[in-house]
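Worksheet: the structure to be examined is printed underneath.
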There are 2 protein chains.
Amino acid sequence: MVREQTASMEDYLEAIANLREEGKAVRVKQVSQVLHVKMPSVTSALKKLSGEGLVRHEPYGYIELTSRGDKAAKDVVGRHKALSCFFSQALDIDPGTAEEDACKIEHVISRLSLERLTKFLQFTQACPLGEANFSKRYKYYLEHGELPEECLLRISKVKKASE
Amino acid sequence: MVREQTASMEDYLEAIANLREEGKAVRVKQVSQVLHVKMPSVTSALKKLSGEGLVRHEPYGYIELTSRGDKAAKDVVGRHKALSCFFSQALDIDPGTAEEDACKIEHVISRLSLERLTKFLQFTQACPLGEANFSKRYKYYLEHGELPEECLLRISKVKKASE
DNA sequence: ATCTATTGTTAGACGAGTCTAACAATATTC
DNA sequence: GAATATTGTTAGACTCGTCTAACAATAGAT
């Protein structure tokens with residue numbers, strides 16, 4: 001699946017899908033507010049996306065995604081979630097920054113890197129190595145700039161145990 | 001330090017800095033080849049960057065960075081290196097993809113996330129937790145889809161040792 | 001020193017995406 | 001149900017960054 005939409009068009013698809021998800025009426029005004037653009041920009045984007053069969057929109061009516069549009073939107077949303085998850089959980093970034101970065105990076109990251117990022121997150125959460133998990137030790141390292149005592153401690157214990 | 005350049009202009013600065021670094025003569029042709037754009041695009045970019053005092057360039061002459069331009073370029077290059085390093089080393093992505101992704105993401109990632117990514121990499125490399133380091137275990141997980149034996153094993157050993 | 005190949009520049013078109021201004025349709029309110 | 005407010009559309013300007021085509025300067029070869 002090649003990336004066939006520009007960053008902007010992906011943003012429109014994503015915004016429509018999110019509004020849909022929140023049960024809100026999807027109208028030009030809403031989209032324009034979410035994306036911080038003026039209404040004519042939305043109209044113009046909708047025209048383009050309709051032309052490509054990703055969106056259904058009669059003038060002055062509600063905005064809907066076609067099944068193809070929905071698929072494309074879900075793809076973007078998935079990328080977004082994976083990224084913001086990675087940033088906030090693995091890197092302990094504040095939600096605001098995590099969102100911001102996800103919004104930008106979602107348009108440019110490769111499939112492979114995204115998949116690996118996800119797996120990395122799963123791994124760090126699945127491989128706790130004792131009572132303190134990886135994330136906790138990382139956060140200690142972030143705060144103090146050096147490895148946590150218990151991390152070094154554990155190494156010596158392991159060595160003893162395997163002797 | 002706010003991001004004051006567009007992605008394109010950052011690409012030009014970066015390319016000039018890299019060519020410089022490699023000791024090559026920095027000319028319009030070289031830059032155009034590196035960035036896969038035509039020469040008029042380079043000329044036009046140079047005009048813009050000169051106007052902003054980031055580049056020195058007499059018509060038909062060599063291209064140089066001013067000190068401000070150099071600073072800006074070093075900043076981009078630093079972001080690029082941090083990212084490609086993270087992708088290739090922490091996520092075990094092939095160098096080609098790591099480069100590609102770094103090239104895109106370097107223009108949009110926040111300072112904070114970049115810093116954390118770097119620290120994360122340092123941490124995973126500094127916190128080996130025994131003979132097999134974190135990266136190795138992660139790569140095992142990548143290949144086999146489950147935690148390595150020795151990882152689970154170590155946990156029990158640690159538990160035994162601390163009993 | 002001239003002729004040719006290469007490199008670089010200028011001019012101008014184009015596509016993408018945004019905006020403002022003006023107008024049109026729909027909703028709301030009295 | 002007419003007056004007004006809100007929402008949406010159209011038209012057209014603008015920026016950014018790219019391109020092609022045509023021309024100009026420099027470098028290299030004979």
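Just so it is clear, the values below take in all heavy atoms, side chains as well, and ignore hydrogens, waters and symmetry mates. Keep in mind that what you see is a predicted model, and the values were worked out from it rather than measured. Letters go in sequence order (proteins before strands), and every chain restarts at 1.
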Query - Residues B:R111, B:E115: salt bridge by 4.0 Å N-O rule - result: no
Requested in this report: Would you kindly give the CD-to-P distance between A:E10 and C:dA16, to the nearest whole Å?
Outcome: 15 Å
Report task. Round to a whole Å and report the spacing from CE of B:M9 to C1' of D:dT15. Result -> 12 Å
Query - Partner set under side chain to side chain donor-acceptor pair (under 3.5 Å) for A:R56, not counting sequence neighbours - result: A:E64
**Report entry** Basic-acidic side-chain contact under 4.0 Å: B:K71, B:D75
**Finding:** no
Requested in this report: Would you indicate which nucleotide in D:dC19, C:dT18, D:dC16 comes nearest to any side-chain atom of B:V37?
Outcome: D:dC19
Report task. Classify the nucleic acid contact of A:S41 as base, sugar-phosphate or nothing, counting any heavy atom under 4.0 Å across all strands shown. Result -> base
Requested in this report: Summarise how protein sits on nucleotides 8-13 of chain C as a single string, 5' to 3': B when a protein heavy atom is under 4.0 Å from the base, S for sugar-phosphate-only contact, - for no contact.
Outcome: BBB---
**Report entry** salt_bridge(A:K104, A:D11) N-O dist < 4.0 Å
**Finding:** no
**Report entry** Nucleotide D:dC16, atom C1' - distance to CG of B:L49 in whole Å
**Finding:** 13 Å
**Report entry** Those residues that, when tested against B:K38, pass side chain to side chain donor-acceptor pair (under 3.5 Å) (two or more places apart)
**Finding:** none
**Report entry** Axis bend over the full length of the helix from C:dA1-D:dT30 to C:dC30-D:dG1, computed from five pairs that close each end, to 10 degrees
**Finding:** 10°
Just distance, no hydrogens or angles: give the donor-acceptor pairs under 3.5 Å from side chains in residues 46-54 of chain A, sequence neighbours left out.
from  : atom 1 : to    : atom 2 : distance (Å)
A:S50 : OG     : A:L46 : O      : 2.7
A:E52 : OE1    : A:Q5  : NE2    : 2.7

Query raised in the report: For the residue pair B:F120 and B:F86, does the interplanar ring angle fall in the parallel (under 30°), tilted (30 to 60°) or perpendicular (over 60°) class?
Result: perpendicular
**Report entry** Phosphate OP1/OP2 of D:dT26 contacted by B:Y62 side-chain N/O (<4.0 Å)
**Finding:** no
Report task. Could you name each residue pair satisfying salt bridge (Lys or Arg N to Asp or Glu O under 4.0 Å) that touches residues 13-29 of chain B, not counting sequence neighbours? Result -> B:E22-B:K24
